[in-house]
Number of protein chains: 2
Amino acid sequence: MSNQARPASGSTRLARLTVADQVRDYLVVEISEGRLAPGSPIRELEIAELLGTSQTPVREALRELAALGLIDVRRHVGARVRDMAEQDLVDSVPVRAALESLAGRIAVSVPQPARDAIQLAYDDLLEAAEGGDPLVYAKASTEFHRSVVRAAGNDALERAWNSLGIEVMTIMATANHDGPLVEAARAHAEIVEAIGSGDADRAERVLHDHQDHYLPTTRRPA
Amino acid sequence: MSNQARPASGSTRLARLTVADQVRDYLVVEISEGRLAPGSPIRELEIAELLGTSQTPVREALRELAALGLIDVRRHVGARVRDMAEQDLVDSVPVRAALESLAGRIAVSVPQPARDAIQLAYDDLLEAAEGGDPLVYAKASTEFHRSVVRAAGNDALERAWNSLGIEVMTIMATANHDGPLVEAARAHAEIVEAIGSGDADRAERVLHDHQDHYLPTTRRPA
DNA sequence: TCCTCACACATTATCGATAATCCTTGACAG
DNA sequence: CTGTCAAGGATTATCGATAATGTGTGAGGA
């Protein structure tokens, strides 16, 4: 879905956003920052008017958000913001664990260049953490995990992972999080090492266990 | 995405299909049966004219197909059928294994009513196999696996599984398959039993290993 | 009281037409 | 001969308006 126009981590790739993309981004921010509360109805024409566009791109954006599980759409009736409260965050953890540990297992036996992106993403993550902005950190963290999944070179895996809407989850989990970001970032070093070590079992285990960091109750393991 | 209007296995739930849904189904069949070969360009207006609709529902269908990885879309340029030859089928197997084995592990400890649907889906599958139509069988098989995933009651898991486009995969894998369908159907009995047994490890293992049936080279293990 | 059903309303789903964008081709300068 | 750039054509992206659909409401009967 959002397969193109995804800015590469760090670099400023120029890719003009379509109106539909902008609407999607707008809605994601509104939802993840709580201005569109769970249960709020989202009417296509209302959003269209608000943003000065027509119904079509709004509609397209809504379908994407539905695919990410951010909203519920009932045909001919309308869309509302899903209540992602704790449940979805909790639900997504074992799924992430399953997918990312699989990615880790595959990634160790992939040619080196494919793994370079992981190191770069880790550097970006540290930098973002030092910046101190939770939103930037959340995005960098998402990109790091995405780089691991991508390194496996399995399209089906990447698609499944994308469908979890990790970015939004991470933003939501990080929003109320005022702990030390740098420390959280450093927890990812273990992943880089494990994949670099070439030990498939270790990479699998490390990535599986890492997901505990994203459980609400264990959010600040330090 | 295709979250509603999915006919319940066997029963004839009345849910009128929107034009977009019909277009999607049309394209899925055309692609999976090879009439739209890999690499073929798909022009929105051409399909619209062909089916007597407007561009809008075609466009919507294409976005869904892109999300399933069935086509590649380049903005302002067009869509082409992806070459799913073997690679995507092979890629999806370990991902299915990871997701469905997780589903099995969870499903064993879920209240009984949630598991009834699995038995019903299995009955439908047997019936479809006896009918002899590979297309019907493929759909029933998909529904069976979906029922297992759904039994876990984890939305994130279900979404990730849906993103794999299992239905199309199964159709494609079954299309060139003229072996005994009933035998293939019975291979699913083991899954029903394992989940019914309450043994999480067993359910996980059975569902993991079952995926080998979908490897092209092992398609007819008998 | 409770149920059924027709009708009005709110909202989406679809349409036909236009605007925006990208790719290609060919001319032209270096 | 090669690289750059500017039209032209093909296709998508967006628009504004209309059709189709699901839901709630209230009248009427059992």
Side-chain angles (χ1 to χ4, degrees), chain A residues 1-7 13-27 30-31 36-37 39-68 70-82, chain B residues 1-8 12-28 30-31 36 39-68 70-82:
Chain A
M1 208 95 204
S2 62
N3 34 13
Q4 55 215 152
R6 181 188 304 124
R13 183 178 305 168
L14 52 120
R16 295 191 211 177
L17 293 182
T18 65
V19 177
D21 288 337
Q22 293 173 300
V23 174
R24 167 174 51 76
D25 290 346
Y26 166 80
L27 287 173
E30 290 298 298
I31 293 174
L36 274 175
S40 303
I42 301 182
R43 286 189 306 117
E44 296 178 355
L45 283 173
E46 183 183 309
I47 302 293
E49 192 177 358
L50 178 65
L51 300 183
T53 76
S54 82
Q55 184 190 358
T56 312
V58 174
R59 185 178 173 71
E60 206 159 290
L62 289 183
R63 304 314 264 254
E64 255 190 82
L65 264 47
L68 294 181
L70 232 61
I71 62 176
D72 273 331
V73 176
R74 294 171 59 196
R75 64 206 308 161
H76 290 287
V77 174
R80 5 185 99 248
V81 179
R82 274 193 56 195
Chain B
M1 213 94 205
S2 61
N3 35 12
Q4 56 216 148
R6 181 187 305 125
T12 353
R13 183 177 305 170
L14 50 120
R16 295 191 212 174
L17 293 181
T18 65
V19 177
D21 288 336
Q22 294 173 300
V23 173
R24 168 172 52 76
D25 290 347
Y26 166 81
L27 288 173
V28 165
E30 291 298 298
I31 293 174
L36 275 175
S40 303
I42 301 182
R43 285 190 304 118
E44 296 178 356
L45 283 173
E46 182 182 311
I47 302 292
E49 191 177 0
L50 179 66
L51 300 182
T53 75
S54 81
Q55 184 190 358
T56 312
V58 174
R59 184 178 174 71
E60 205 159 292
L62 288 183
R63 303 314 266 253
E64 255 191 82
L65 266 47
L68 293 181
L70 233 63
I71 62 175
D72 273 331
V73 176
R74 294 172 59 197
R75 65 206 308 163
H76 289 287
V77 173
R80 349 187 113 251
V81 179
R82 272 193 59 195

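Sequence lines set the chain letters: A, B, ... in the order given, protein chains first and strands last, and positions in each chain run from 1.
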Does B:R63 reach the side chain of A:R63, with side-chain heavy atoms less than 4.5 Å apart?
-> no

What's the CZ-P distance between B:R59 and C:dG16, to the nearest Å?
-> 17 Å

Could you state the interatomic distance from CG (A:L36) to CZ (A:R80), rounded to the nearest 0.5 Å?
-> 12.0 Å

A:R43 side-chain proximity, nearest of C:dT14, C:dT12, D:dA13 = C:dT12

Can you tell me how far P of D:dT11 sits from CD1 of B:I47, to the nearest Å?
-> 12 Å

Going 5' to 3' along nucleotides 17-23 of chain D, which nucleotides have protein heavy atoms under 4.0 Å from the base (write B), which only from the sugar-phosphate (write S), and which from neither (write -)?
-> B---SSS

Any side-chain heavy atom of A:D21 sitting closer than 4.5 Å to one from B:R75?
-> yes

When we call it a touch if two heavy atoms are under 4.0 Å apart, what does B:T56 touch: a base, just sugar-phosphate, or nothing?
-> base

Near A:E49 CD, under 6.0 Å, is it more than 12 heavy atoms from other residues, nucleotides or ligands?
-> no

pair A:I71-A:L27: side-chain heavy atoms closer than 4.5 Å = no

Rounded to the nearest angstrom, tell me the gap between atom CG in A:D21 and atom P in C:dA20.
-> 17 Å

Atom-to-atom span, CG of B:D72 to P of D:dT12 - whole angstrom | 14 Å

So what does B:I42 hit on the nucleic acid, given a heavy-atom distance under 4.0 Å: a base, only sugar-phosphate, or nothing?
-> sugar-phosphate

Toward the 5' end of DNA chain D, by each residue's nearest nucleotide, A:P57 or B:A79 = B:A79

Could you tell me whether the side chain of A:R82 and the main chain of A:L70 form a donor-acceptor pair under 3.5 Å?
-> no

Could you write out each protein N or O paired with an N or O of nucleotides 7-9 of chain C at a distance under 3.5 Å?
none

Residues A:V73 and A:A79: closest non-hydrogen pair is CG2-CB, 4.0 Å

Grab the CG-C1' distance between B:L17 and C:dA13 for me, whole Å please.
-> 14 Å

Separation of A:Q22 atom CD from D:dA13 atom P, in whole Å?
-> 14 Å

Within-4.5 Å side-chain heavy-atom neighbours: A:V58 and A:I42 = no

Please give, in whole Å, the distance from C:dT14 P to B:R24 CZ?
-> 12 Å

State, yes or no, whether a side-chain contact exists between B:L68 and B:R24 at a heavy-atom distance under 4.5 Å.
-> no

Rounded to whole Å, CG of B:L65 lies from C1' of D:dT12 at a distance of 17 Å

